[in-house]
Amino acid sequence: MPPSQPIKAARGVRDVMAAERPVWEVAETAAREVARAHGYQEIQTPAIELAALIERGVGQDTDAGGKELYRLVKRGSEDLVLRPEATAGVVRAYFQHGLNQGPQPARLFTMGAMFRYNAPQLGRYRQFHQLDVEAIGDASPAYDVECIEMAVRWMEALGLRGLRLELNSIGDRKCRPAYIKKLVAYYRPLKDRLHPDCQRRLETNPLRLLDCKEEQCAPFKAKAPRITDHLCVECAEAFAAVRAMLDAGGLEYSLNPYLVRGLDYYTRTVFEVLHEALGGAQNSLGGGGRYDGLAAEIGYPDTPAVGFAAGFERVVMMMGEEGEEVIAPPSALVLVVPDGPLLKEAAEVGRLARTMVPTAVDYSTRSLKAKMRAANRLGPRWVAIFNAEESARRVLQLKEMAGGEQREVGWDELPALLEAELTG
RNA sequence: GUGGCUAUAGCUCAGCGGCAGAGCACCAGGUUGUGGCCCUGGGGGCCGUGGGUUCAAAUCCCACUAGCCACCCCA
């Protein structure tokens, strides 16, 4: 029985159609170029992972690793989820394929679909796509800066302007717990005056108090102790080194002591690349940071690492606003248009032309006039027209659509002629 | 998960109790092998879904669904 309603795409997902796809291709190509220019190698990891990897790696108390996680129906004893981000899977692959035995750090990048069950909005989808770049196996803050630089360079290469880089350090396992205690001690007496969400945060995830944008809480936030004033010596030195290298490299940034990222695994450096023109809630094009604790969390040897992820949907959207214009190429350079029922002959001419340039064939039974109208919309550079009489002589009329000139060409001369036209 | 706005042709939208409309797009003809401009004609609609009010509902009311926006969260 047919469905009572025609079946549409699932909520929160979208199709990238032919008019938009070339923009994605530009973004993907630029991403590969930037990553490879820094010595990074492309890998692919699965979209499905064991639930334990994500829950341990991303953190069950985070949105991405908790309520937003897509869980697959168990088959047998396999408890699988759709990945909400790529880092945990890349780190898993790094160990599983022995990259920890090779030269350190391993410089890896990947591109692909991520999945989070949240309310869809412009620029935010349930299936979205990220560029993900990771340097695994070395604690030097120089790699933090390398990641930041790649993120910014990628977006700049796509013509995006009005980018803002925000930077913070959120300490490590040594100094952060002590800071959180101070933060809670500061906020506890103010609890009644915070708005409900923040009252909840105080109990569940105190760091998130710094993320609050409510005016009601703003005065308290301004006077709250700052993590950057409470870093241990090692974290403070690393943070200073990151800033010094950014300065030396001419990368502008602003320090944001309230920048706290949504995933549990971050330590020390965190950063975000924002775009001024995007709406307040979805103004983040990408972000990342150091995650020295993740490897141990998912059962591998303690290993320092740093990386970033950036969203294609938002980057592509901003390219449409202000980036360089990308024009979708016509689907074919040559369109073969037989006048009459000449299917085999049209196919043969198509094969000949295709040896040189992308070639489509119009096999429809419409009038020649209708086929020419269609040809005009498809936008090929040439149309190859022939009727039964010309077919018998193995010739065709090659018409250049832009100027309208056409001349008779033998089928066997066609490839050489097209080549000459393209190179000349 | 919470609140606001919206839903009519492929697209953009008008109509706001009384025959389902426009522009663009699509198809065909005007031109006996040849596109664009122009002219003519044509195909297309459960007016998001379900219920209610009414003699009568695209129009008013309710619910649901979806989209957008804000919150939340983040890419």
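Values in this document were obtained by computation on a predicted structure and should not be read as measured data. These values consider heavy atoms only, across backbone and side chains, with no hydrogens, waters or symmetry-generated copies. A, B, ... follow the sequence lines: proteins, then strands. Residue 1 opens every chain.
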Once you apply a heavy-atom cut-off of 4.0 Å, does [X] come out as touching a base, just sugar-phosphate, or nothing?
X	value
A119(A)	base
E85(A)	nothing
G404(A)	base
E389(A)	nothing
G288(A)	nothing
R116(A)	base
A9(A)	nothing

I'd like to know if [X] pairs up with [Y] as an ion pair, taking the criterion as any Lys NZ or Arg NE/NH1/NH2 lying under 4.0 Å from an Asp or Glu carboxylate oxygen.
X	Y	result
R393(A)	E390(A)	no
E85(A)	R83(A)	no
E413(A)	R394(A)	no
E400(A)	R407(A)	no
E313(A)	R124(A)	no
E405(A)	K399(A)	no
R290(A)	D144(A)	yes

>> Nearest heavy atom decides the nucleotide; on that basis, is G286(A) or R366(A) closer to the 5' end of RNA chain B?
In response: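 Looking at the nearest nucleotide for each, R366(A) comes out on the 5' side.
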>> Go nucleotide by nucleotide along RNA chain B from the 5' end; which of Q130(A) and N376(A) gets its closest nucleotide reached first?
In response: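 It is N376(A), whose closest nucleotide lies nearer the 5' terminus.
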>> Using the six-membered base ring of rA75(B), report whether F312(A) stacks on it, requiring centroids under 5.5 Å and planes under 30° apart.
In response: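 According to the criterion (under 5.5 Å, under 30°), no, F312(A) does not stack.
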What does [N] pair with, Watson-Crick or G-U, if both distances are under 3.5 Å?
N	result
rC38(B)	rG30(B)
rG21(B)	rC13(B)
rA56(B)	none
rG45(B)	none
rG3(B)	rC69(B)

Find the distance [X]:[atom1] to [N]:[atom2] and express it as a whole number of Å.
X	N	atom1	atom2	result
R314(A)	rC73(B)	CZ	P	14 Å
R124(A)	rC69(B)	CZ	P	10 Å
M372(A)	rG35(B)	CE	P	6 Å
E20(A)	rC11(B)	CD	C1'	16 Å
W382(A)	rG36(B)	CH2	C1'	19 Å
Y125(A)	rA66(B)	OH	C1'	14 Å
K369(A)	rG29(B)	NZ	C1'	8 Å
L398(A)	rG35(B)	CG	P	17 Å

>> Quiz question: going by heavy-atom distance under 3.5 Å, is there a donor-acceptor pair between the base of rU34(B) and the side chain of Q397(A)?
In response: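 Result: no qualifying N/O pair found.
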> So, does the side chain of K399(A) form a donor-acceptor pair with the base of rG35(B) at under 3.5 Å?
Replying inline: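 Side chain to base: pair present.
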Does [N] have its OP1 or OP2 closer than 4.0 Å to a side-chain nitrogen or oxygen of [X]?
X	N	answer
S367(A)	rG29(B)	yes
Q121(A)	rA70(B)	yes
R373(A)	rU34(B)	no
R377(A)	rC27(B)	yes

